[in-house]
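Following: one structure in structure tokens, then a few remarks.
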Amino acid sequence: MVSVLLPDGSRKDYPDDSTPLAVAESIGSRLAKAVVAAVVNGKVVDSRRPLVESAEAAGTDPAQPISLKLLTDRDPEALSVMRHSAAHIMARAVMRVFPHVGLAFGPTLPTGFYYDFDMPDPIREDDFPRIEAEMGKIIAEAETFDRFELPRGEALQLCADLGQALKVQHLQTGLADHASLSFYRQGEFVDLCRGPHIPDAGRIKAFKLLSVAGAHFKGDASGRTLQRLYGTAFFSQKDLDAYLTQIEEAKRRDHRVLGKQHNLFHISQDVGPGLALWLPKGAVVRGTLEEFIKHELVARGYTPVYSPHVGRVEMYETSGHFPYYRDSQFSPIFGHPGGSLVDRWITLLADNGLNPGNERKFLEFAPFLDVKIDNYPIGGSVEEKLAALRSWQGMQERYLLKPMNCPHHVQIYKSQQRSYRELPVRLAEFGTVYRHEQSGELNGLLRVRGLTQDDAHQFCTPDQVENEFLETVKLVQFVLGSLGLDNYRVQLSLRDPGSDKYVGSEENWQRAEASLRRVLTDLQLPFEPRAGEAAFYGPKADFMVKDCIGREWQLGTVQLDYNLPERFQLEYIGADNRAHRPVMIHRAPFGSMERFVGVLIEHFAAAFPLWLAPEQIRILPISEKQNEYAGQVEQALKGRGFRATTDLRSSKVNAKIRDAQLELIPYMLVVGGKEAEQGTVTIRDRLDPEHQQSIPLAQAIELFQTEVRERKIRQTKKVPEATGLHGGEGVEENAY
RNA sequence: GCUAGCGUAGCUCAACGGUAGAGCACCGGUUUUGUAAACCGGUGGUUGUGGGUUCAAAUCCCACCGCUAGCUCCA
């Protein structure tokens with residue numbers, strides 16, 4: 001007998017081979033019908049798998065009372081289980097519709113699932129109806145999902161017999177240390193899978209294929225392209241419809257659409273991809289934010305600086321940025337016509353990619369580009385050749401469009417001798433940097449090639465690090481809070497101990513990582529450590545903010561750096577009259593102005609609060625007779641620093657109101673004969689048009705001033721986080 | 001960068017082998033208006049670029065550029 005402990009505290013004994021489904025049956029047949037999966041001793045498992053087995057699989061002692069929670073369609077965990085099963089059903093359908101389908105992975109996502117297929121021809125959206133129809137048939141048949149386990153050798157044989165090469169490969173790599181593997185069979189479809197699954201296909205009540213795109217097996221871009229088919233599934237048609245509606249609504253907030261509609265920014269093919277043009281209205285939003293942050297920085301002891309947009313390549317070689325990120329930078333600017341020839345020459349030599357034939361061609365071609373390297377040792381070693389080429393290169397000008405501000409700020413720090421008394425030195429700049437992001441990554445303002453960081457670098461003593469870091473995190477929190485961006489999480493990005501892409505000593509890294517942890521813990525700010533996400537010079541705390549479509553963007557970041565001071569030989573004179581090495585903190589609360597404004601456009605759906613609105617107030621004269629008075633009102637508002645215009649068109653006030661409303665102008669001031677006579681204005685509030693008040697102009701100005709001063713956020717339209725729509729996170733780790 | 005899809009007027013879209021069209025915007029005129037669109041008229045496109053097939057190409061084919069989704073990357 002097994003002893004089962006239910007969530008209500010009751011305990012009951014069942015026969016040894018009982019399953020959660022059997023327990024449910026004993027409670028009631030309606031419950032049994034509703035059961036989708038179960039949680040046994042804390043682990044989500046199949047409802048048709050014996051309790052004892054599940055308890056063992058959970059690493060617990062089945063002799064002890066087994067805690068059991070039955071999952072029905074009301075539990076979010078059940079949704080994930082069902083979607084995983086839906087992925088299997090989709091795979092089964094795809095295999096029926098297309099020949100020669102190889103299976104890769106098919107995990108769940110917070111809003112659905114996907115499955116990767118290796119197949120000769122790509123799937124097209126036109127194919128969706130056929131696949132969906134086949135899925136519908138499978139679901140209607142409501143066959144069970146049957147789990148079975150095989151020892152390693154037999155599992156390999158089965159996958160090989162099924163012709164599933166990728167599964168075989170996965171068994172031999174990712175699952176190399178598993179002695180026994182589980183499979184699920186559903187009709188003719190058998191798949192290597194960890195599970196769990198729903199009892200039968202009939203539990204899926206609503207599903208839809210969403211999109212298809214290329215993907216790579218285990219994320220390896222050098223491998224062949226798989227077809228990743230995305231879908232979603234719900235326990236009711238109503239939930240599916242709600243989800244689809246939500247996606248539609250989110251699309252309407254797309255900053256690229258709103259940016260165009262409201263003339264905020266423009267990305268012109270003629271300027272170049274990823275290079276944003278700030279239109280006057282967008283420029284107001286950005287400028288206002290810049291003023292806001294600059295004011296905060298000065299109050300917190302930062303000193304503004306400026307630095308040029310280019311710098312010598314050598315400087316970026318010292319910092320490490322050039323060698324580490326060369327591929328994602330714009331090409332260097334060479335002062336000599338043969339600069340890029342020699343550069344290529346050096347690269348090939350250093351990579352041992354230069355054969356004698358090519359070397360001869362380089363030598364022949366060099367004179368045409370005016371490159372004279374008389375001492376090139378044709379018969380010499382690679383090192384000697386490199387030395388000769390580098391010596392030539394060293395005499396030429398090479399500039400880089402700056403990919404980062406830190407080396408420039410480092411030079412500002414170094415421009416004078418520093419005493420411990422003046423630390424921390426906090427240098428701030430809205431620095432524009434250029435990165436040649438991959439073309440497929442560009443995305444409106446959210447991912448661009450020219451961006452302005454609200455950057456600053458703090459140089460401090462090792463003792464000051466934690467307090468500086470603490471204050472900086474508080475600044476980021478303040479800034480995000482001021483804009484009502486509260487949907488964010490903090491990620492502690494650490495180095496991957498197994499990788500060699502990092503610079504600096506073990507000791508420095510440990511110190512830096514420990515400091516970050518301590519401060520975040522002291523602040524009681526929940527954070528998730530993520531190995532392998534650090535910058536090459538140091539660990540960082542990243543603020544990941546969610547946009548309206550649920551995508552996450554890294555905005556603010558605070559990075560701790562013991563390494564650049566080392567590389568640039570930075571010093572300060574300590575109280576002991578000896579030279580010491582400072583520590584650097586890199587930080588950008590907004591990240592970049594481009595991305596930040598992009599996220600804000602979606603966050604506010606372009607309906608900015610008064611203090612940020614490109615046009616704050618529009619004056620609407622009823623007829624041309626009031627144009628003069630309207631002009632006086634406009635002048636009075638402008639004199640108080642408001643962004644106001646007057647609608648002087650000859651159209652009716654109805655049309656003027658409609659346009660102002662659609663343009664999301666926070667306040668309209670209607671002025672007719674009455675107002676002109678009495679020196680008043682009638683305020684029409686965009687958010688509350690029903691309650692209008694006619695008050696003296698001076699009084700209206702006071703109201704607006706208060707709202708701006710307090711940076712009031714009166715309404716943030718939020719896409720509802722529809723409850724019951726989302727399952728848990730996808731299958732992680734060694735999911736198979 | 002890779003895979004797939006898509007590029008028609010300032011914007012949103014139609015025409016899908018047979019002389020490129022609508023609404024909004026814009027311009028001109030009439031109207032002088034009290035809370036989400038007054039009326040009349042007009043301008044505007046060698047259909048992303050360059051080749052090709054065809055009697056004929058926005059439409060079919062190729063290359064390039066750009067955009068979108070996903071993948072890979074992100075100092």
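No hydrogens, no waters, no symmetry mates; every other heavy atom, side chains included, goes into these values. Lettering follows sequence order; numbering is per chain, from 1.
Considering only residues two or more places apart in sequence or on other chains, A:Thr173 meets the side-chain hydrogen bond (donor to acceptor under 3.5 Å, both in side chains) condition with A:Lys218. Residues passing the side chain to side chain contact (heavy atoms under 4.5 Å, CB included) test with A:Glu624, sequence neighbours excluded: A:Asn627, A:Ser650. For A:Arg489, the side chain to side chain contact (heavy atoms under 4.5 Å, CB included) partners two or more places apart in sequence, or in a different chain, are A:Gln491, A:Glu528, A:Arg530, A:Met544, A:Glu552. For A:Phe113, there are no ring-ring contact (aromatic ring centres under 6.0 Å, His included) partners, not counting sequence neighbours. Listed by chain and residue number, A:Arg495, A:Tyr502, A:Trp509 satisfy the side chain to side chain contact (heavy atoms under 4.5 Å, CB included) test with A:Ala534 (two or more places apart in sequence, or in another chain). For A:Thr245, the side chain to side chain contact (heavy atoms under 4.5 Å, CB included) criterion is met by A:Glu249, not counting sequence neighbours.
A side-chain hydrogen bond (donor to acceptor under 3.5 Å, both in side chains) check over residues 658-674 of chain A, counting only residues at least two apart or in different chains, returns the pairs A:Arg618-A:Glu663, A:Arg649-A:Asp659, A:Tyr667-A:Glu707, A:Tyr667-A:Arg714. Legend: salt bridge (Lys or Arg N to Asp or Glu O under 4.0 Å) pairs involving residues 112-124 of chain A, not counting sequence neighbours, sorted by first then second residue: A:Asp116-A:Arg228, A:Asp118-A:Arg224, A:Arg124-A:Asp126.
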Check: What string of B, S and - do you get for nucleotides 35-43 of chain B, 5' to 3', if B is base contact, S is sugar-phosphate-only contact and - is no contact with any protein heavy atom under 4.0 Å?
Finding: BBBS-----
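Here, B:C16 and B:U8 have their C1' atoms 12 Å apart, quoted to the whole Å. Nucleotides B:G50 and B:A69, compared at atom C1', are 28 Å apart to the nearest Å. B:A37 and B:U19: their P atoms are spaced 40 Å apart (whole Å). Here the separation of B:G17 from B:C6, taken at their P atoms, is 15 Å to the nearest Å. Nucleotides B:U46 and B:A58 place their P atoms 12 Å apart, quoted to the nearest Å. Separation of the C1' atoms belonging to B:U30 and B:U68 is 46 Å when rounded to the nearest angstrom. Between B:G45 and B:A9, the distance separating the two C1' atoms is 5 Å to the nearest Å. Between B:C26 and B:U43, the distance separating the two C1' atoms is 8 Å to the nearest Å.
In this structure, A:Leu669 atom CG and B:G34 atom P are separated by 19 Å, rounded to whole Å. Atom CZ in A:Phe128 sits roughly 11 Å away from atom C1' in B:A69 (whole-Å rounding). Protein atom CG of A:Asp118 is 15 Å distant from nucleotide atom C1' of B:C71, rounded to whole Å. In this structure, CD of A:Glu624 is placed 11 Å from P of B:U30, rounded to the nearest angstrom. Between the CG atom of A:Leu620 and the C1' atom of B:U32 there is a distance of 15 Å, given to the nearest Å. Atom P of nucleotide B:U49 and atom CG of A:Asp270 are separated by 12 Å, given to the nearest angstrom. Rounded to an integer number of Å, the gap from CD of A:Gln227 to C1' of B:C2 is 12 Å. Atom CG in A:Asn263 sits roughly 10 Å away from atom C1' in B:C11 (whole-Å rounding).
With no hydrogens or angles considered, a side-chain donor-acceptor pair links A:Glu634 and A:Thr646 at under 3.5 Å.
By the 4.5 Å heavy-atom criterion applied to side chains, A:Pro323 and A:Arg326 are not counted as neighbours. Between A:Gln453 and A:Met593, the closest side-chain pair of non-hydrogen atoms is not below 4.5 Å. Side-chain contact check for A:Val473 versus A:Phe543: some heavy-atom pair is nearer than 4.5 Å.
In summary, the aromatic rings of A:Tyr413 and A:His457 are positioned with their centroids too far apart to meet the 6.0 Å limit.
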Could I get a table of every N or O pair under 3.5 Å where one atom is in the protein and the other is in nucleotides 73-75 of chain B?
unit_1, atom_1, unit_2, atom_2, d
B:C73, O2, A:Arg447, NH2, 3.0
B:C73, N3, A:Arg447, NH1, 3.3
B:C74, O2, A:Arg447, NH1, 3.4
B:C74, O2, A:Arg447, NH2, 3.2
B:A75, O4', A:Tyr325, OH, 3.2
B:A75, O3', A:Gln559, NE2, 3.4
B:A75, O2', A:Tyr537, OH, 3.3
B:A75, N6, A:Ser328, O, 3.1
B:A75, N6, A:Ser328, OG, 3.1
B:A75, N1, A:Gln329, OE1, 3.4

Could I get a table of every N or O pair under 3.5 Å where one atom is in the protein and the other is in nucleotides 5-10 of chain B?
unit_1, atom_1, unit_2, atom_2, d
B:G5, OP1, A:Arg124, NH1, 3.0

Margin query: Taking Watson-Crick (N1-N3 plus N6-O4 or O6-N4) and G-U wobble (N1-O2, O6-N3), each under 3.5 Å, can you produce the dot-bracket string of RNA chain B? Use [ ] for crossing pairs and | for inter-strand ones.
Written below: (((((((..((((....[..)))).(((((.......))))).....(((((..]....))))))))))))....
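Nearer the 5' end of RNA chain B, as judged by each residue's closest nucleotide, is the contact made by A:Lys260, out of A:Lys218 and A:Lys260.
Across all strands, A:Gly673 comes closer than 4.0 Å to base atoms (heavy-atom distances). Residue-level contact check: A:Lys674 touches the bases, meaning some heavy atom is under 4.0 Å from a base atom.
Taking 4.0 angstrom as the limit, A:Ser439 places a side-chain polar atom (N or O) nearer than this to OP1 or OP2 of B:G1.
Side-chain atoms of A:Lys281 never come within 3.5 Å of backbone atoms of A:Glu615 as a donor-acceptor pair (strictly under, hydrogens ignored).
Of the candidate nucleotides B:C2, B:U68, B:U32, B:U32 has the atom nearest to the side chain of A:Lys625.
Remark: A:Arg130 is positioned above the aromatic ring of A:Phe98, its terminal NZ or CZ atom under 6.0 angstrom from the ring centre and at most 45 degrees off the axis.
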